[in-house]
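A, B, ... follow the sequence lines: proteins, then strands. Residue 1 opens every chain. Just so we're clear, the structure is a prediction, and the values are computed from it rather than from any experiment.
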Amino acid sequence: MVALTIPSIGRRAENTSPPSAAAEVMAGCSLRLIEQSLTARYSDWIAEALDEIQGCFLITDPGIAGHPIVFASRGFLAMSGYSREEVLGRNGRMFQGPATNRRSVLEIREAIREERTLQISLLNYRKDGTPHWILFHIFPVFGVDDGRVAHFVAVQVPIPRRSRSLSEARCGGARGRLFGACRNEVRSDCDLGCNLAADLFVDVDNRGLEAEESREASEQEKERASDAANSILSALTHCSKLTGRVVSSKRCRVGGIPTLSSSLIISLGRIKQSFVLTDPQLPDMPIVYASDEFLSLTGYSRHEILGHNYEFLNGPDTEVEVLHQIRQSIRAECACTVRLLNYRKDRSSFWNLLHVSPVRNASGKVAFYVNVQIDENAKSDGLGLSPHMRQLGVVGAVKVAVRSLSLCAGPSRPSS
Amino acid sequence: MLTIKRVPTVLSNYQEDSGESRGCGRNCLGKCCLPVSKLPLYAFKSDARPEISSCGVDEPPSDFFLNNLLLGGWEDRMSRGLFRYDVTACETKVIPGEYGFVAQLNEGRHLKKRPTEFRVDRVLQPFDPAKFNFTKVGQEEVLFRFEAGEGDKARFLESAAVGEANTPSVVAINVSPIEYGHVLLIPRVLDCLPQRIDPDSFLLALHMAAEAGSPYFRLGYNSLGAFATINHLHFQAYFLTMPFPVEKAPTQRIPIVKGLSQSKVKVSKLLNYPVRGLVYEGGNTLKDLSDIVANSCICLQENNIPFNVLISDSGRRIFLFPQCYAEKQALGEVSQEILDTQVNPAVWEISGHMVLKRKKDYDEASEEYAWRLLAEVSLSEARFEEVKAYIFEATGLESEEEKIEPEENKGTTPHQSSTTAAAAAANHFPEGCLVLQ
Ligand SMILES: Cc1cc2nc3c(=O)[nH]c(=O)nc-3n(C[C@H](O)[C@H](O)[C@H](O)COP(=O)(O)O)c2cc1C
């Protein structure tokens with residue numbers, strides 16, 4: 001019997017607690033990815049260029065597992081009370097809290113999934129636990145070369161408590177009475193003519209803020225958000241020309257290998273095991289997705305294998321019969337599990353427990369094959385699941401992601 | 001007594017031979033086999049520290065419960081051929097329109113089954129050991145036990161003895177899945193609880209949503225009279241990586257003056273949606289949220305009002321829909337055209353995911369059809385307000401009613417759902433619908 005504790009499953013710890021040890025380890029692994037996320041595309045000048053832009057904003061990389069923050073502006077850090085190290089590598093949801101409207105979070109989630117711009121009011125929390133209303137303006141930045149989302153940017157403009165006239169309307173009219181527990185504060189706030197002291201009082205007290213269903217941003221704030229977004233976009237575009245990996249606010253269609261939507265990539269990026277997807281519709285069934293774990297298992301980098309047939313893992317001592325068996329089950333649109341000798345980039349070999357399974361899209365047709373690799377000599381996941389069960393877990397997660405995402409035909413890839 | 005006839009969905013491969021119990025020695029979930037069995041056990045962290053209230057530290061993507069345990073196990077049962085069909089081969093689409101209702105063509109789900117009679121006028125009925133129940137399910141349909149653990153860490157035991165003293169809660173596959181990962185959560189299976197919400201079982205369901213940790217993995221509950229087909233306590237759950245129409249619908253916060261000051265739970269009303277319902281979210285702990293929803297359900301049960309519950313957003317948002325479709329159906333008040341599609345508006349349909357059995361209906365599915373079907377499910381505005389008042393009274397909430405502005409309700413036909421109407425409609429019944437008085 002195997003008994004183990006799982007430190008980090010479905011858990012959401014408190015806003016204010018320090019990152020867990022597990023999170024630190026994970027941050028360690030992807031720290032390099034995070035550091036290079038901007039410089040690889042926008043050159044070393046990017047930090048300087050972004051620092052010149054006023055305001056609060058965050059940049060995230062959907063290509064890295066967990067969709068982490070890779071840049072936080074000084075203004076953002078001042079507003080939120082966090083240090084740069086505390087935010088880099090983490091997901092933007094760390095700023096949400098008990099009174100954050102869940103439907104607003106859903107709208108942000110869907111904007112990311114559909115790779116589009118969104119402006120929405122949102123209640124976030126600072127490091128010290130105090131809530132504040134922001135106008136949240138998010139937009140994708142597309143790579144011109146591959147048509148994929150390179151980064152998301154989120155600009156945040158604080159929405160202050162409104163001046164007298166609005167406050168009065170709230171207190172006197174129907175809306176003012178919606179505030180339940182905070183009614184008295186709101187009223188006394190009105191009596192005081194909404195001076196700054198009252199503002200601070202309510203803000204510190206929190207209850208007033210959290211009871212508000214939403215706080216409408218003014219035209220001025222919306223404009224400020226759009227202006228900042230434009231400045232950031234032009235800095236990114238400008239710097240991307242220095243590396244030749246140009247970005248744009250519009251998606252450009254590219255020929256050749258159809259790209260997966262970044263929402264599919266985000267979903268696949270959550271699956272933390274070695275696997276690749278191949279596309280049977282394309283000549284020679286090229287690899288169209290490879291997980292980070294596959295890259296570390298085999299030693300290849302992503303651009304070396306995307307677009308290539310999977311068989312480069314085979315070598316002189318790979319059993320021909322096993323390869324034959326795999327091809328046959330692919331022809332029959334069946335799953336198969338085999339063990340075969342494979343080779344890394346450095347030509348060292350390993351025994352690969354390979355599971356290959358068809359993956360259907362929303363219309364029920366086979367859209368991809370997923371190949372899940374387990375190095376026979378690697379130690380187990382420590383959770384007591386057999387290698388085969390772990391492989392099947394990957395297959396299940398991939399099936400769910402592909403089926404659901406092809407359902408709405410993510411904009412990167414028109415449904416066929 | 002009010003009953004309807006409908007084709008029941010087969011949830012387990014052992015359902016076909018319900019009635020006579022096949023002795024044992026076949027590894028079932030009954031008292032004969034389960035206590036001496038070993039099953040995988042997932043024990044979730046059960047301490048009452050803030051859970052849903054905070055989303056601070058972003059730990060590594062938490063894929064073990066969902067990907068490895070649930071989906072891995074599900075895929076394994078699929079490769080063993082335990083499902084009645086491959087749901088990933090069923091065509092599915094988003095119905096064009098503002099709401100994004102999802103339609104699936106599933107011709108295999110109801111094959112080979114004769115309509116069965118269901119009593120629809122009693123939300124609470126005693127457990128009947130002679131009818132099919134989950135103790136008759138074979139253990140190969142069980143993925144794992146799901147129970148509260150101790151301390152602040154989740155635990156997984158690959159194989160744990162059940163023992164005589166335990167009343168395990170289990171997660172089993174639904175052999176007629178409507179999407180990938182469709183499972184049943186059966187609280188304390190050996191206790192043979194009837195389909196009836198209690199606070200502990202409801203909290204267990206919320207924990208499952210939280211452990212899964214994905215907004216696209218939702219749990220649902222149907223009461224008797226609201227299309228539950230098996231009177232043995234169970235929740236359903238599955239994966240669909242897109243928002244349900246009901247999750248996107250606007251809501252209006254109900255100002256609460258009393259009753260929630262400590263827990264920070266927010267209660268809202270759905271707006272612009274064909275089925276009227278309440279939305280609960282927030283709360284300092286999962287239990288705060290769970291308790292108020294469970295108590296709302298208990299109130300409905302005790303008032304004999306059928307209802308459906310959707311647990312969404314990883315357990316952070318809960319939708320409660322009191323409904324009256326089965327009663328209308330039994331009284332012959334549902335149009336034949338709607339009945340012909342044989343869609344039973346249970347929790348998934350109400351949330352916006354329609355499983356259609358006929359190619360023609362699938363091809364022609366429109367937002368207007370979905371709306372019309374669901375509008376039949378909804379209580380009238382007046383009745384809804386009445387039911388809401390019961391719930392608020394029972395849960396100790398007080399709202400500032402007079403301040404809510406009336407909202408327009410596209411296409412919902414007012415309908416007075418009332419059991420007293422039973423006699424009046426007794427002369428005409430659509431086919432497949434039977435009323436016994
Ligand atoms: C560039 C970027 C910045 C974000 N910044 C924030 C933020 O400051 N506050 C917040 O509440 N959510 C923020 N988010 C949203 C969350 O990261 C996440 O996408 C959202 O909570 C919905 O997804 P979930 O259901 O996985 O949490 C940001 C997202 C992106 C892409």
Which answer fits [X], side chain, backbone, both or neither, if we ask what part of it has an atom under 4.5 Å from a heavy atom of chain A?
X: B:Glu247; answer: both
X: B:Val279; answer: neither
X: B:Ala249; answer: backbone

Partners meeting salt bridge (Lys or Arg N to Asp or Glu O under 4.0 Å) with B:Glu75 (sequence neighbours left out): A:Lys399
Looking at [atom1] of [X] and [atom2] of [Y], how far apart are the two atoms once the value is rounded to the nearest 0.5 Å?
X: B:Ile173; Y: B:Phe83; atom1: CD1; atom2: CZ; answer: 4.0 Å
X: A:Tyr82; Y: A:Asp128; atom1: OH; atom2: CG; answer: 9.0 Å
X: B:Tyr362; Y: B:Ile95; atom1: OH; atom2: CD1; answer: 9.0 Å

Residue part contacting chain B, namely of A:Thr100, when any heavy atom lies under 4.5 Å: backbone
Chain B contact via A:Gln273 - which portion, at a heavy-atom distance below 4.5 Å: side chain
Cationic tip of B:Arg218 above B:Phe244 ring, under 6.0 Å, 45° of axis: yes
Results of side-chain hydrogen bond (donor to acceptor under 3.5 Å, both in side chains) for A:Ser291 - residues two or more places apart only: none
Options [options], ranked by heavy-atom pairs under 4.5 Å with chain B, top entry:
options: A:Gly364, A:Ser386, A:Ala335; answer: A:Gly364
options: A:Lys365, A:Arg109, A:Gln391, A:His388; answer: A:Arg109
options: A:Gly393, A:Ser357, A:Pro68; answer: A:Gly393

